[in-house]
Amino acid sequence: MTTATPSPSPETVLVAVAWPYANNHMHLGHVAGAYLPADIYARYHRMRGDRVLMVSGSDSHGTPVTVRAEEEGSTPEAVFQRYHQSFLATFEGMGISFDLFTSTDTENHRQVTQEIFLRLLERGYLYEAEQEQLFDAKMGRFLPDRYVEGTCPKCGFEGARGDQCDNCGSTLDAVELKNPRSRLSDSTPELRRTTHFFLKLSAFTEALQQWVETKEHWRLNVRNFTLGMLREGLKDRAITRDLTWGVPIPLEGEQYQSKRIYVWFEAVIGYLSASKEWAASPLNPSGNAEDWRAWWEGDTAKTVYFIGKDNIPFHTVIWPAMLMGFGGLNLPYDVPANQYLTMSGAKASKSRGGVVWMPDYLERYDPDPLRYLLTASAPETSDADFSWTEFLRRNNDELVARWGNLVNRVLTITRRNYDGRVPDAPATLAPESRELLERVDAAFASVGGDYDAVQLRRALNGAMEVASAANQYLDQRAPWQAVKTDRDHAAETLHVALNVISGLVTLLNPVLPFTCQQAWKLLGHEGDVQAAGWRRTPVLAGTVLPEAVPLFKKLDDAIVAEEEERLVR
RNA sequence: GGCAGGGUAGCUCAGUGGUAGAGCAGCGGACUCAUAAGCCGUUGGUCGGGGGUUCAAAUCCCCCCCCUGCUACCA
């Protein structure tokens, strides 16, 4: 495998993150799969001085939101608003640094969606056709396949869903089910004819194939999965539904009043509408509402989409097809989809329980230990398992013992023996001192390349190895002894160690923004590490060091049992 | 069923042709600045199974087994 090297700066980078369904709180899997990697990637690029725009928003539409509202006797707006606020609190608490986290329930998004709809219609990529769908008369709503249950025609299993039988694995059509019943009302659905707009995906198969062939930097599973879909050929898909909650169809006519543009078509447009919303908002320092074009129209801009693997087709096939049909807008540069985070074996899905909810986590623990764990064992190449045992171990053995303790021990010896100031180093350094400094400086290229390639696990490893090397260096030169016999020798050791730590603080900052900012201050630096640039900021002799405080808390073994108990409930 | 990803030390995982690796756990040791952290040494694997290509395979090819996900009107 070749070592990744960073691309030349400054770049224009759009960090586009999956739009969460606003029908429940966020859990660990969401953060691990999309939000955290996106944030790390964005922070790294900002540190390099690149022009970064990181956007996403709540998906306010879609059946689950409506269903939840009905269960509660509430409205979709109320449900979406509640979870939208919850998402914002999670991002704040975890340090997920969106430039804008909006929602699909905005006038701007409706306009952008309708503009794309009309352009695609005008260009012949949308057409109307009639189809038969199951209708729940009691609820007055057409049913997605998954909202129909019945007896499997192949194996006789009674709990088969409309799209698939969980018992025998057969792929089904909802109309094939025996004794079908609606999951919404338990009534028997009836077949009704209805007219919808279809997206002519079939027209894009070849163009998409040629485009994906060039994406050799994509993750293997993303690329192969996409090519596999294209090989089978694309089918046109209906993009409207008989609903009243969603973006209206921008056409005159009674028949369109009770229909809405469906979420899968509309949600991906959010990346574009959010970019436009940001540019026109006070959040944009330049005040130029046309600034969104830099990310969407410039050939040199990189648009990177952070999603979970279940979202791959929408970002490597459907959205690119829509963009091709619309014309003039950048196609995805990369789609580093993650695999799933499992919970000690079970998929971290909302539907199966055994989930760690972000509001609960943030009530009890700090953000950086979780950011560390989810990066160190990120589901980049295969599903990864989360366990509280692993959380505790990573925190206590790696963050506290290897990294936090390194900072703490060096600051403590230095302050105690050199009058609270950074001691001077000789003009000519010992070979091991030079080597260690060269190593941390070289890490900016290698670790940076890994961040850029979204190989975050590897990037973090690379930085932590330097921390290990610093611990070895300290033991080799034992400044706590030398300080009694050869103060210059100890002074060199501590001066070098402080500088290595300074480099590490910058290298680790994308993953550990909260504690790295603290460490930055402990080194006597001014301002924000985030603004210091992607290089080691020297710690100068004579700098006054503040009193050292531990960066991380050691966690008690008892939390494992406590948290596992909570999971089962 | 089809497609995709994965099966490497007790655990979590790196490693894509050239004498099996890391962290943790276990064992032994020297040190003591530090949140009893750090450092040195060490035990431990027929790299899912079988066959093939090669001077050489965890790494390439074929077959089989197992796990996970997707299979497009949930997104």
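Letters A, B, ... are given to chains in the order of the sequence lines, protein chains preceding strands, and every chain is numbered from 1.
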Student: Which nucleotide wins on minimum distance to the side chain of Phe225(A), given the candidates rC70(B), rC13(B), rC39(B)?
Tutor: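 Among the listed nucleotides, the one closest to the side chain of Phe225(A) is rC70(B).
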Student: Just checking Gly308(A): base, sugar-phosphate only, or nothing, at a heavy-atom cut-off of under 4.0 Å?
Tutor: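 No contact.
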Student: Checking all strands, does Ala401(A) fall into the base, sugar-phosphate, or nothing category for heavy-atom contacts under 4.0 angstrom?
Tutor: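 Sugar-phosphate contact only - Ala401(A) comes under 4.0 Å of backbone atoms but never of a base.
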Student: Shortest non-hydrogen contact from Met322(A) to Phe265(A)?
Tutor: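 Of all heavy-atom pairs spanning Met322(A) and Phe265(A), the closest is CE-O, 3.2 Å.
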Student: Restricting to salt bridge (charged side-chain N to carboxylate O under 4.0 Å, His left out), what partner residues turn up for Arg409(A), sequence neighbours left out?
Tutor: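 Arg409(A): salt bridge (charged side-chain N to carboxylate O under 4.0 Å, His left out) contacts with Asp475(A).
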Student: Kindly state which residues belonging to residues 194-209 of chain A come within less than 4.0 angstrom of RNA chain B, counting heavy atoms of the residue only, listed by number.
Tutor: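 Heavy-atom contacts with RNA chain B come from no residue of residues 194-209 of chain A; none.
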Student: Please state the C1' separation for the pair rC66(B) and rC27(B) - nearest whole angstrom.
Tutor: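 Taking atom C1' in both rC66(B) and rC27(B), they lie 34 Å apart.
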Student: If we take the C1' atom in both rU68(B) and rC62(B), what is their distance in whole Å?
Tutor: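 Rounded to whole Å, the distance is 24 Å.
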Student: Does the cation-pi check pass for Arg487(A) over Tyr418(A), that is, NZ or CZ under 6.0 Å from the six-membered ring centre and within 45° of its axis?
Tutor: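 Yes, Arg487(A) sits over the ring of Tyr418(A).
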Student: At under 4.0 Å, does any side-chain N or O of Tyr262(A) touch on OP1 or OP2 of rA75(B)?
Tutor: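 For rA75(B), OP1 or OP2 has a side-chain N or O of Tyr262(A) closer than 4.0 Å.
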Student: With nearest nucleotides of RNA chain B determined for Asn461(A) and Gln472(A) from heavy-atom distances, which residue corresponds to the more 5′ nucleotide?
Tutor: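 Upstream on the strand: Asn461(A).
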Student: For a quick check, with a 4.0 angstrom heavy-atom cut-off, what is the B/S/- contact string for nucleotides 29-36 of chain B, read 5' to 3'?
Tutor: --SSBBB-
Student: Give one of base, sugar-phosphate or nothing for Glu398(A), where a contact means two heavy atoms less than 4.0 Å apart.
Tutor: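 Sugar-phosphate, backbone atoms only, no base.
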Student: Determine the Euclidean distance between corresponding P atoms of rA58(B) and rC47(B); express it in Å to zero decimal places.
Tutor: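 Between the two P atoms, the distance is 7 Å.
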